[in-house]
Chemist: 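The structure follows.
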There are 2 protein chains.
Amino acid sequence: MEDGRRPTIRDIAREAGVSVATVSRVTHDDARVVAATRRRVQDAIDRLGYSPSALGRGLATRRTNTLGIVLPGLGGPYFAELVQGAESVAVERGTAINVLGTHLRPDADGAVRDLAARTDGLIVAGGTVGEDLLVRLSAGTRVVLVAGRSDVVPTVRTDGRAAAIALTKHLVAPRERGGHGYRRLRFLGEPSGSPDTHLRYSGFRQALGDAGLAECGEPLRYGLEVGSGALAARRLHEQHRDGDRLPEALVCANDELAFGMLITLPGLGYRLPDDVAITGFDDQDLAALASPTLTTVHQPVHDLGARAAALALDGTGGRGPVGPPGTDVVLPTELVVRESCGCSAA
Amino acid sequence: MEDGRRPTIRDIAREAGVSVATVSRVTHDDARVVAATRRRVQDAIDRLGYSPSALGRGLATRRTNTLGIVLPGLGGPYFAELVQGAESVAVERGTAINVLGTHLRPDADGAVRDLAARTDGLIVAGGTVGEDLLVRLSAGTRVVLVAGRSDVVPTVRTDGRAAAIALTKHLVAPRERGGHGYRRLRFLGEPSGSPDTHLRYSGFRQALGDAGLAECGEPLRYGLEVGSGALAARRLHEQHRDGDRLPEALVCANDELAFGMLITLPGLGYRLPDDVAITGFDDQDLAALASPTLTTVHQPVHDLGARAAALALDGTGGRGPVGPPGTDVVLPTELVVRESCGCSAA
DNA sequence: ATGAAAGCGCTAACAG
DNA sequence: CTGTTAGCGCTTTCAT
């Protein structure tokens, strides 16, 4: 039985004394096969341990039943959740999932094209591949950009600007309307550093303007990791020592930066959120566990993955067909109010 | 140029006025093609935006350049790290990665066989597929079991028993030898619940015996999640109220259980680790952030993924060839001593 | 209800 | 150095 190679459809056909077409029909539950024949074939299949080659099948049908997901890295808080979202819809369609992290790959573009060559649809995270490559890819596969904007491929994302507005509103709104009434706010992050940060900063300013306020000082221009947050905290401390008034609230471009603040400022003698309120963005798991717990914006990452997968797999966004190319699905974020903005522990 | 379908090797051949063989050679950097021809072909490739079909190529070469990874779920602390480990070796070989979560799949076995049909190698997490299926799979693909034991396929794992011994030793060793000198220890977890738990319990008992001690009470038989830990904490509290002496140290089958203890016992009036020391197992991210920080055993998940990938891809474990089938790579764990065992915050 | 045969896109001898 | 050709494993008309 074992001569090393996997049995092919022809082996089964011979074993069962039928044609390959019939075997093919059996593996597809084609009703036209009479019960007796079907049984003979199924027996042979079981006996030889046959399972159809995805390759051969793919070549013949021009479908791979595979969904590709391109992300910067295969770590971080987003990866698992996004993949799970995609998996949840892939399951229904019997589709496999192929993941690719570009950061580690020396020839990222090549790897992406390679991936495109073996998938029916591609989910690409914003910022991982250039617009030009996106164009080329979309000629062959169905490509969906997640967490980013593009005119050439359909898009699934959240509205970072609107979210930042809602967040900032909570900080500046008068107390009687459930806000904190802060008037001196500052932004932490480099607005020109990433599109996300830019949008968040823009929303921040918008809400400030709407409330008749101005930023109290330039954005603290730092990277996006915990370390940068810690650095910024020290810088803030120095400025304060040199006479600057502390802002009442610091709006951070993401949770990591906020964590950096949370772990550094107390050591410098500041009480949070009394001396300065801190907010994050993204709602990582840690946000609920930090001390004080972090007020932030929740991203529906799972849903992003699911919607993107649905689009990439058959052009359906979930609520009926939506036609690429101009498609732009915007999922709602949620303001998660915890302690670090000054709200008391419930 | 665009008639909908992707260009094939024949389109390029025609466009460049050469044969398909030459095109194939060019896409493979075959040195035998003369520069001028190569340029003509490359031009045609660029012009038409051609990239070889992975399907056709796979069918012809009988290789897919794809590695499959089968896990229970695509979430949890292990997933991302294991995949990253695998990815790190996949990158070098230009291999794609196909992930599959069995928990969501209604027909998990079918999905796994399907995956096997489209990959050169398969990494299977312990406990996701039965031994029988493992056998069938290994006939076709190279299958590696990670975090589990099997006689039919090569294995990459850690030695949970040895790790538990080291951990327990730290708790019972006399102070002058860097230990805590505890004499009343108890285990939390259901030994017969999972192979891992069994091994850890067995190591726990072994170390106890070596020190001339016996368990102070039956294992607290609970599940493996935070909730179970919390439940167990309440149970412990009741037993104590009813007159049982509290153990000096509680060895938990995993970090989650330990977290359950950490968040519940203080509310019941116990001080940790003074009233009772707690240890975990696995070293999840949270372990370093909990309060008190959790003493636990670090699992080299990244390395597990990398070694398994190397084995699955070409039968190499990393240090020279290791021959399946009896292969059993055991990676070292590391005892991470933090505060919850009674060691002071350094 | 079943079979024969023509591909799907590519590679790899084998010729030339 | 380049072209011809026979598959790789499967699906799918079109016959029968």
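For clarity, every value in this text was computed on a predicted model and none was experimentally measured. Quick note: numbers below take in every heavy atom, side chains included, and nothing from hydrogens, waters or symmetry partners. Chain letters run A, B, ... following the sequence lines, proteins first and then strands; every chain starts at 1.
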Chemist: Atom CG of Leu59(B) to atom P of dC8(C): distance rounded to whole Å?
Modeler: 13 Å

Chemist: With Val144(A), which of Leu313(A), Val329(A), Val156(A) fulfils side chain to side chain contact (heavy atoms under 4.5 Å, CB included)?
Modeler: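 When Leu313(A), Val329(A), Val156(A) are each tested with Val144(A), the side chain to side chain contact (heavy atoms under 4.5 Å, CB included) holds only for Val156(A).
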
Chemist: Starting at CG of Leu48(B) and ending at P of dG9(C), how long is that distance when rounded to a whole Å?
Modeler: 14 Å

Chemist: Step through the shown structure and confirm whether more than 12 heavy atoms of other residues, nucleotides or ligands are within 6.0 Å of CZ on Arg39(A).
Modeler: no

Chemist: May I ask you to decide if Ser51(A)'s main-chain N or O and Arg6(A)'s side chain share a donor-acceptor pair within less than 3.5 Å?
Modeler: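 Confirmed, Arg6(A) side chain pairs with Ser51(A) backbone.
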
Chemist: Determine yes or no for a side-chain-to-main-chain donor-acceptor pair under 3.5 angstrom, with Thr64(B) supplying the side chain and Gly58(B) the backbone.
Modeler: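 Flag not set: sc Thr64(B) to bb Gly58(B) has no pair under 3.5 Å.
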
Chemist: Given atom CD1 of Ile12(A) and atom P of dT2(C), what is their separation to the nearest angstrom?
Modeler: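 In whole Å, dT2(C) P and Ile12(A) CD1 are 17 Å from each other.
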
Chemist: Would you say dT11(C) has OP1 or OP2 under 4.0 Å from some side-chain N or O of Arg57(B)?
Modeler: yes

Chemist: Which is more 5' along DNA chain D, the nucleotide nearest Thr61(A) or the one nearest Val18(B)? Just name the residue.
Modeler: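 In this pair, the answer is Val18(B).
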
Chemist: At under 4.0 Å, does any side-chain N or O of Ser53(B) touch on OP1 or OP2 of dC10(C)?
Modeler: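 Negative; the distance criterion is not met.
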
Chemist: Less than 4.0 angstrom between a side-chain N/O of Ser19(A) and OP1 or OP2 of dG3(C), yes or no?
Modeler: yes

Chemist: In whole Å, I'd like the distance from the OH atom of Tyr50(A) to the P atom of dG9(D).
Modeler: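 That distance rounds to 10 Å.
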
Chemist: If each of Arg10(A) and Arg38(A) is mapped to the nucleotide of DNA chain C with the nearest heavy atom, which maps nearer the 5' terminus, i.e. the 5' end?
Modeler: Arg38(A)

Chemist: Between C1' on dC8(D) and CZ on Arg6(A), what's the gap in Å once rounded to a whole number?
Modeler: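 After rounding, the reported distance stands at 13 Å.
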
Chemist: Quick one about Arg118(B) and Thr66(B) (side-chain donor to acceptor, distance below 3.5 Å, no hydrogens or angles considered), yes or no?
Modeler: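 The criterion, which ignores hydrogens and geometry beyond distance, is not satisfied for Arg118(B) and Thr66(B).
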
Chemist: Look at all strands and tell whether Val23(B) reaches a base, only sugar-phosphate, or nothing, counting heavy atoms closer than 4.0 Å.
Modeler: nothing

Chemist: Between Arg38(B) and Asp30(B) (side chain of the first, backbone of the second, donor and acceptor by atom type, cut-off under 3.5 Å), is there such a pair?
Modeler: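 Yes, the answer is positive, given that a donor and an acceptor are paired below the 3.5 Å cut-off.
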
Chemist: Report each atom pair, protein N/O against N/O of nucleotides 13-15 of chain C, whose distance is under 3.5 angstrom.
Modeler:
none

Chemist: Compare the minimum distances between each of dA5(C), dT2(D), dC10(C) and the side chain of Val20(A), then state the nucleotide with the smallest one.
Modeler: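 Output: dA5(C).
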
Chemist: For the residue pair Thr119(B) and Asn98(B), what are the closest heavy atoms and their distance?
Modeler: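 Reported closest heavy-atom pair: CG2-CB, 4.5 Å.
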
Chemist: In this structure, how many angstroms lie between the P atom of dT11(D) and the CG atom of Asp29(A), rounded?
Modeler: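 Result: 12 Å.
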
Chemist: Could you tell me how far apart Asp30(A) (CG) and dA1(C) (C1') are, to the nearest whole angstrom?
Modeler: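 In whole Å, dA1(C) C1' and Asp30(A) CG are 10 Å from each other.
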
Chemist: Let me know the distance between CZ of Arg62(B) and C1' of dA6(D), rounded to the nearest Å.
Modeler: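 Distance, rounded to whole Å: 13 Å.
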
Chemist: Ser24(A) near the nucleic acid: base, sugar-phosphate alone, or nothing, with a heavy-atom cut-off under 4.0 Å?
Modeler: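 Contact class for Ser24(A): base.
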
